[in-house]
Amino acid sequence: MGGSTIDDDWEFGSASDGVQTVVLFGRTGHGKSATGNSILGRKAFKSVASFDGVTNTCELQRTVLDDGQIINVIDTPGLFDILVKPEFIGKEIVRCIDMAKDGIHAVLVVLSIRTRITKEEASAIETLQRFFGNKISEYMIVVFTNGDYIEENEETFDDFLSRSESVKAVLEICGNRWVLFDNRTKDAAKKAEQLQQLLSLVKKVVMKNGGKPYSDELFVELKNGALKLHDEAAEVNSFEGYSKEEKSQLEVQMYKTYEEHLKQITEMVETRLRETTRRLEQQLAEEQAARLKAEATAQQAQIKSNDEIRKLREHLERAHRETEELRRHAKHGGCQIL
Ligand SMILES: Nc1nc2c(ncn2[C@@H]2O[C@H](COP(=O)(O)OP(=O)(O)OP(=O)(O)O)[C@@H](O)[C@H]2O)c(=O)[nH]1
Ligand SMILES: [Mg+2]
């Protein structure tokens with residue numbers, strides 16, 4: 001995993017307590033990096049209009065809020081985009097977990113309201129939920145970007161919501177926590193207000209989860225591996241009677257073992273990813289089959305009811321003809337039928 005060795009600025013133990021980590025998640029071009037920059041209050045992440053993905057790898061930036069709260073913001077590439085290879089996703093997930101270290105306090109699901117939100121967007125979020133388990137939903141907040149679009153088009157946010165079943169599905173997964181963001185605004189008051197809204201949602205999520213960030217065995221494995229490397233490096237440095245060459249050989253060996261450990265975790269992630277995708281595809285196929293079956297049944301019922309209507313109509317026409325016949329007979333026979 002490129003560059004994923006132990007960082008010099010990694011704070012162990014209590015030093016990292018109190019730091020909150022938020023991860024930006026979403027498909028390419030929805031405004032993850034721009035939202036990250038809005039949170040940081042500076043242009044730290046590259047954010048431009050492009051047909052291709054702009055962010056190629058996970059990146060961490062840090063900010064200190066007015067109240068002293070330290071926030072780590074992790075920007076990610078468009079994971080779970082249709083054409084992205086599982087090996088790439090696997091590596092980036094490991095990189096992201098490695099950066100988050102103690103866990104994730106909030107997952108910011110970024111969705112642009114300028115883009116049509118389709119089943120693909122919803123299924124990317126569902127894949128994330130399946131991959132990490134339902135617990136991750138409790139950390140999710142939807143950040144709708146391009147808030148300026150609503151103003152330009154004199155729409156209400158409810159109009160936008162009512163147009164898409166997929167958005168409703170995403171909101172449901174994310175516990176209906178959402179905020180509307182305009183990453184292009186120059187209005188300082190608006191900037192401050194929307195950021196405040198987002199931060200108070202993050203605070204709510206943190207409180208609801210008892211201050212415990214999201215973490216699972218992957219986080220633990222990665223952290224343990226890195227801690228081991230850190231301790232071993234310190235130990236080797238303290239060795240007396242070893243030459244510089246001997247120490248550097250030991251270090252090379254340590255890093256090799258650590259890289260091996262990372263490789264194993266990446267493989268674990270890839271396996272879990274493949275299994276998640278397989279299950280999701282199977283579920284979608286089952287849903288599709290059930291839908292087709294229901295449609296066929298409804299069609300048959302329609303044919304049956306059309307058939308019955310036709311029979312009824314024939315029956316009525318026959319009755320009508322017989323009445324006419326009787327009427328004619330009665331007329332010729334001198335009786336009167338009303
Ligand atoms: N008008 C407007 N444009 C926005 C807003 N947010 C993002 N954009 C623009 O949308 C484009 C894509 O934004 P990015 O931040 O690069 O999107 P991303 O999700 O990081 O994309 P990738 O890195 O490719 O995955 C850029 O041109 C941004 O300036 C917004 O709120 N309003
Ligand atoms: Mg980006």
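Ligands are counted one by one from 1 in listed order, and the atoms in each one are counted from 1 as well. Because only heavy atoms are used, hydrogens play no part in the values below, and waters and symmetry mates are left out as well, while side chains stay in.
Contacts between Asp148 and ligand 1 below 4.0 angstrom, taking non-hydrogen atoms only, involve the side chain exclusively. Within the 4.0 Å heavy-atom criterion, both parts of Lys32, backbone and side chain, lie near ligand 1. With a 4.0 Å heavy-atom cut-off, ligand 1 is reached by the backbone of Phe181 but not by any atom from C-beta on.
If you number the atoms of ligand 1 from 1 as listed, the ones under 4.0 Å from a heavy atom of Ala49 come out as 26 (C), 27 (O). Per-residue contacts place Thr55 under 4.0 angstrom from the following atoms of ligand 1 (heavy atoms of the residue considered): 22 (P), 23 (O), 24 (O). Atoms of ligand 1 lying under 4.0 Å from any heavy atom of Val48, numbered from 1 in the order shown and given with element: 11 (C), 12 (C), 16 (O), 26 (C), 27 (O). Every atom of ligand 1 with a heavy atom of Arg114 under 4.0 Å away is listed here by number and element: 1 (N).
In this structure, Lys204 places its NZ atom where only 12 or fewer heavy-atom neighbours from other residues, nucleotides or ligands lie under 6.0 Å away. Atom CD of Gln69 is surrounded by more than 12 heavy atoms from other residues, nucleotides or ligands within 6.0 Å. Remark: Arg313 CZ is loosely packed, at most 12 non-hydrogen atoms of other residues, nucleotides or ligands lying under 6.0 Å away. Atom NZ of Lys168 has more than 12 neighbouring heavy atoms from other residues, nucleotides or ligands inside a 6.0 Å radius.
The protein heavy-atom contact nearest to atom 17 (O) of ligand 1 is Gly31 N, 3.1 Å. Closest protein heavy atom to atom 6 (N) of ligand 1: Asn183 ND2, 3.1 Å. The single protein non-hydrogen atom nearest to atom 24 (O) of ligand 1 is Val54 N, 2.6 Å, given as residue, atom name and distance. Scanning the protein heavy atoms around atom 29 (O) of ligand 1, the nearest turns out to be Arg184 NH2, 3.0 Å. The closest protein non-hydrogen atom to atom 28 (C) of ligand 1 is Ser47 OG, 3.7 Å.
Salt bridge present: Arg114 and Asp148 bring a charged side-chain N and a carboxylate O closer than 4.0 Å. By the 4.0 Å N-to-carboxylate-O rule, Arg272 lies close enough to Asp216 to be salt-bridged with it.
Nearest heavy-atom pair across Leu60 and Met99 is CD1-O, 3.8 Å.
When the options Leu79, Asn146, Leu24, Thr76 are ranked by their closest heavy atom to atom 3 (N) of ligand 1, first place goes to Asn146. When Gly29, Ala34, Gly36 are ranked by how near their heavy atoms come to atom 10 (O) of ligand 1, first place goes to Gly29.
The closest donor-acceptor contact from the side chain of Asn146 to the backbone of Ile113 lies at 3.5 Å or more, if one exists at all.
The structure places CD of Gln197 at 8.5 Å from CH2 of Trp178, a figure rounded to the nearest 0.5 Å.
Inclusion of Lys46 in the set of residues having an N or O under 3.5 Å from an N or O of ligand 1 is not warranted. Residue Thr145 places no N or O, backbone or side chain, under 3.5 Å from any N or O of ligand 1.
Thr55 lies close to the Mg ion (ligand 2), since one of its N, O or S atoms is found at a distance under 2.8 Å. Note on Ser33: counted as a metal contact of the Mg ion (ligand 2), an N/O/S atom lying under 2.8 Å.
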Taking only distance into account, with no hydrogens and no angle test, what donor-acceptor pairs under 3.5 Å do side-chain atoms of residues 232-240 form with protein atoms, sequence neighbours excluded?
unit_1: Asn237; atom_1: ND2; unit_2: Ala233; atom_2: O; d: 3.4
unit_1: Ser238; atom_1: OG; unit_2: Glu235; atom_2: O; d: 2.7

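Aromatic ring centres of Phe157 and Phe160: separated by under 6.0 Å.
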